[in-house]
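Just below is one structure, and these are the notes that go with it.
Residues take their numbers from the sequence shown, with the count starting at 1. If you're wondering where the values come from, they're calculated on a predicted model, not measured in any experiment.
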Amino acid sequence: MPGSVQILGTGQLLELRNRLRRAGGPRLRQNFTRRVRRAAEPLHRDLQQAIRSQPLVSEGRKAGKRGGPSPTTRPLRAAIAAGIRISVRQGSSPGARVWVDRSRLPDDIRNMPWTINSGRVRHPVFGNRRRWATQWARPAGWWDKTVQAGMPRMQAEVRRIVNDVRRDIE
């Protein structure tokens with residue numbers, strides 16, 4: 001289920017944060033923050049690409065049924081991709097977080113990232129609440145699978161950054 005991916009609060013990061021405060025400084029902190037953000041960017045890009053390329057298939061129209069153009073011109077997958085964000089924290093729980101910002105999504109699709117991740121999208125046909133259609137996201141789990149594939153790389157990079165900064169402090 002899409003939510004957020006976090007690398008946070010480990011003892012090493014907390015210890016490092018305290019040393020950064022003592023050792024000096026804004027320059028060192030900014031460098032640390034920038035590098036942690038860069039470590040999360042590949043996962044961010046992978047998640048955006050995964051939703052942009054996620055197919056939604058349906059049964060298609062039945063014989064003799066009418067159809068027409070979509071009532072909206074807004075691209076669904078691009079809107080969701082634009083809502084995926086990165087944040088880096090240095091406070092009490094330092095780390096990086098990749099998440100879907102619901103406030104960046106239009107009101108009518110706020111739950112759509114989670115719905116698509118589940119694999120089944122059920123919606124009214126052209127806004128008609130008496131007729132419903134089901135579409136399938138195949139393969140399901142665009143968020144879960146992408147995060148599972150990207151986390152080891154992100155964790156290894158953050159570990160390397162922590163070691164580099166620790167070496168600079170000592």
Problem set entry | From CD (Gln48) to CG (Leu43), nearest 0.5 Å | 10.0 Å

In this structure, would [X] and [Y] fall into the same cluster of hydrophobic residues linked by side-chain contacts under 4.5 Å?
X: Ile109; Y: Trp142; answer: yes
X: Ile86; Y: Met154; answer: yes
X: Leu76; Y: Leu47; answer: yes
X: Val121; Y: Val100; answer: yes

For this session: Flag yes if more than 12 heavy atoms outside Arg138 fall under 6.0 Å of its CZ atom; otherwise flag no.
Result: yes

Problem set entry | Exceeds 12 heavy-atom contacts within 6.0 angstrom, atom CD of Glu41 | yes

Flag side-chain contact, heavy atom, 4.5 Å: [X] against [Y]:
X: Ile80; Y: Ile116; value: yes
X: Asp164; Y: Arg35; value: yes
X: Leu56; Y: Trp136; value: no

Any donor-acceptor pair under 3.5 Å linking the side chain of [X] with the backbone of [Y]?
X: Arg110; Y: Leu105; result: yes
X: His44; Y: Ile84; result: yes
X: Glu157; Y: Ala39; result: no
X: Gln54; Y: Pro139; result: yes
X: Asp101; Y: Gly83; result: no
X: Lys145; Y: Ala50; result: no

Exercise. Quick one: do the Asn31 and Arg34 side chains pair a donor with an acceptor below 3.5 Å?
Worked result: yes

Using every non-hydrogen atom in the two residues, find where [X] and [Y] come nearest and quote the distance to one decimal.
X: Trp99; Y: Trp143; answer: CA-CH2, 4.0 Å
X: Ala149; Y: Pro152; answer: O-CD, 3.7 Å
X: Ala140; Y: Gly119; answer: CB-CA, 3.6 Å

Exercise. Checking side-chain hydrogen bond (donor to acceptor under 3.5 Å, both in side chains) for the pair Arg97/Ser87: CA distance, chi angles, key distance, verdict?
Worked result: CA-CA 5 Å; Arg97 179 177 171 212; Ser87 62; 4.9 Å; no

Problem set entry | Pairing of Arg153 and Asp46 as salt bridge, 4.0 angstrom limit | yes

